[in-house]
2 protein chains.
Amino acid sequence: MSTPGRGLHGRVLDSLGPAITAGEYPPGSVLRTDELAQHFAVSRSVMREAVRVLESMHLVESRRRVGVTVRPKAAWNLYDPQVIRWRLAGADRPHQLRSLTVLRSAIEPVAAGLAAKHATAEQCAELTECALGMVANSRGHKLEGYLVHDMAFHRVILVASGNEMFARLGDVVAEVLAGRTHHEVMFEDPDPAAVTLHVQVAEAVREGDAARAEQLTREITVGALQELDILAP
Amino acid sequence: MSTPGRGLHGRVLDSLGPAITAGEYPPGSVLRTDELAQHFAVSRSVMREAVRVLESMHLVESRRRVGVTVRPKAAWNLYDPQVIRWRLAGADRPHQLRSLTVLRSAIEPVAAGLAAKHATAEQCAELTECALGMVANSRGHKLEGYLVHDMAFHRVILVASGNEMFARLGDVVAEVLAGRTHHEVMFEDPDPAAVTLHVQVAEAVREGDAARAEQLTREITVGALQELDILAP
DNA sequence: GTGACATATAAGTCTGACTTTTTGGGTCTG
DNA sequence: CAGACCCAAAAAGTCAGACTTATATGTCAC
């Protein structure tokens, strides 16, 4: 997927990051740079670079005379794509997927409303193309093809919103959608109602109908919440 | 505010980070580790650690035989609190503040709705206390006191939502609120209507009325958008 | 008990030598 | 002239070792 093993320090991170985010080292645990370097069979300089990165993600804190202490989850940079990936690969994947789906349900409707106002002709075309791709793959065990167009659809919406913060969530949404298809309960074929909603959102955006685009997208996200039994009855 | 100068590499970052996020080095610019180390009068190891951190924020990419190239803004980790702070300190502060306010307008109403369902008795008490604090500081040039309670109020809402992703936006919202008070147009005293809305949100959350909490918070964020002339007329 | 002081510890820093990857160019060949 | 191929330079990457600095903690006098 991303960039595995871009140097020695990267491989150390691929090992330490998931371990920490999985709670293998409980908050307050103290690690020593030297010991870690030995354990991973790398030099201290490499180990230090890895620790610096973990520190920039607020996963750990390095203090003199103390060592490298693991910080509580409340301090972690949960929006760091790397951290998201590590956590999605770990044990609390379901919990993580729920949090992100709720986040989606807040963001995407607003983004769709903005997209209806700001989308370029080109983006509208892309959107329609994605929706058609979803329709074409909505029947007959074509989950992978469906997923590709679904991810592209939502990414275009987020980018077309014109808000840089929304646009940056494209990767997160893609992860959630992929996670749902690959690891969670996903019925043989997608819900036809959901497919229709996507087509209608593309329409609404094309016509510049912000309120309708927002409302329709809200229905999509409500469906996503229901799939995970998040909505209270 | 945060942690200034936690070591040499930190001071290098405090200098390089703002420069890059300000666009001082346009995307594609190539930096050399050795030259940078000389320029900042630090050793290569320190410089390398700084570069690693910038790399983890996707601000730059380090490749052999090429150097450290600045990545386009679309790749940046815009949710990294450090990046947010750097950008808020730079030239495009107004633009940044707008993006974040739109983000707030999407998140906070949903968070308030969830808070109405999940808030503990203690959190309800905190919320009421914050609202009262806002009322007490709403008249007579007590902007600083008002700001403190305003920041606390929104932080409690985000945490009480029970969603970890929302909770992590507490710092961002605080930055936005502080920015509005300190650098942007802020009238002598806060809008009385906004103060009332906060009190009502606290009420709604206490009573577990999710729909009302969400709607009232939406009105608050609409006000914030209007202050920045974001809403189309 | 309290405060000043000594000490051990682990991170922080610097330096210099060496390795590895990559790219751009130059050369050879068809 | 085009394409394949090889070489050398360049820059990041890695390592080892010596030294510096901050600081938690224990000790001792008062």
Side-chain angles (χ1 to χ4, degrees), chain A residues 2-17 19-20 25-72 75-77 82, chain B residues 2-17 19-20 25-72 75-77 82:
Chain A
S2 57
T3 35
R6 49 295 186 218
L8 269 189
H9 91 283
R11 251 176 285 166
V12 171
L13 282 175
D14 289 339
S15 187
L16 249 190
I20 294 176
Y25 303 92
S29 303
V30 176
L31 313 172
R32 253 79 49 89
T33 311
D34 290 13
E35 286 185 11
L36 289 175
Q38 272 200 347
H39 179 260
F40 289 108
V42 297
S43 68
R44 284 199 321 132
S45 12
V46 168
M47 196 60 229
R48 286 178 55 75
E49 288 172 24
V51 168
R52 284 280 176 262
V53 172
L54 293 175
E55 202 177 21
S56 87
M57 296 167 174
H58 293 100
L59 294 185
V60 303
E61 190 185 2
S62 181
R63 277 169 54 199
R64 274 184 150 122
R65 166 65 206 239
V66 174
V68 177
T69 56
V70 177
R71 303 185 67 176
W76 299 351
N77 224 344
Q82 184 78 99
Chain B
S2 56
T3 37
R6 52 292 185 218
L8 270 188
H9 91 283
R11 252 176 286 166
V12 171
L13 281 175
D14 289 339
S15 188
L16 249 189
I20 293 176
Y25 303 91
S29 303
V30 177
L31 314 171
R32 252 81 48 86
T33 311
D34 290 10
E35 286 185 11
L36 289 175
Q38 272 201 345
H39 179 261
F40 290 108
V42 297
S43 67
R44 291 205 328 287
S45 17
V46 168
M47 197 60 227
R48 286 178 54 74
E49 288 171 25
V51 168
R52 284 281 176 262
V53 173
L54 293 175
E55 202 176 23
S56 86
M57 295 169 174
H58 292 102
L59 294 184
V60 303
E61 191 186 2
S62 179
R63 277 170 53 199
R64 274 182 150 123
R65 167 62 209 235
V66 174
V68 178
T69 56
V70 177
R71 302 186 68 176
W76 298 352
N77 224 344
Q82 184 80 100

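Quantities reported herein were computed from a predicted structural model and do not represent experimental measurements.
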In terms of heavy-atom contacts, A:Val30 and A:Val66 come closest through CG1-O, 3.4 Å
Smallest heavy-atom separation, A:His58 atom then A:Ala75 atom, equals CB-O, 3.2 Å
Value for CH2 (B:Trp76) from CG (B:Leu54), rounded to nearest 0.5 Å, stands at 11.0 Å
First and last nt of DNA chain C near chain B, cut-off under 4.0 Å to heavy atoms, 5' to 3', are C:dT13 to C:dT23
Double-helix bend of the helix from C:dG1-D:dC30 to C:dG30-D:dC1, axes at both ends from 5 pairs, round to 10°, gives 10°
B:Arg48 CZ to D:dA11 C1', in whole Å, measures 11 Å
* Asked: Checking all strands, does B:Ser45 fall into the base, sugar-phosphate, or nothing category for heavy-atom contacts under 4.0 angstrom?
  -> base
From CZ of A:Arg44 across to C1' of D:dG17 the rounded distance in Å is 9 Å
Applying side chain to side chain donor-acceptor pair (under 3.5 Å) to B:Arg32 and not counting sequence neighbours gives B:Glu35
Between CE of A:Met47 and P of D:dG13 the distance, given in whole Å, is 17 Å
Under a 4.0 Å heavy-atom cutoff, the residues of residues 58-67 of chain A touching DNA chain C are A:Ser62, A:Arg63, A:Arg64, A:Arg65, A:Gly67
So CE of B:Met47 and CG of B:Leu36: to nearest 0.5 Å the spacing works out to 4.0 Å
From CZ of A:Phe40 across to C1' of D:dT14 the rounded distance in Å is 17 Å
Item to complete: Evaluate the side-chain proximity of A:Phe40 to A:Leu16: yes if any heavy-atom separation is below 4.5 Å, no if none is.
Response: yes
Between the CD atom in B:Glu61 and the OG1 atom in B:Thr69, the distance rounded to the nearest 0.5 Å is 5.0 Å
Sorted by chain and number, sequence neighbours left out, side chain to side chain donor-acceptor pair (under 3.5 Å) with B:Arg48 holds for A:Glu49
Could you check whether any side-chain N or O of A:Ser15 sits under 3.5 Å from a backbone N or O of A:Val12, counting only pairs where one atom can act as donor and the other as acceptor? no
For A:Ser62, the side chain to side chain donor-acceptor pair (under 3.5 Å) test, sequence neighbours excluded, returns none
Separation between OG (A:Ser56) and CD (B:Gln82), nearest 0.5 Å, reads 9.0 Å
Atom CZ of B:Arg32 and atom P of D:dG13 are separated, to the nearest Å, by 14 Å
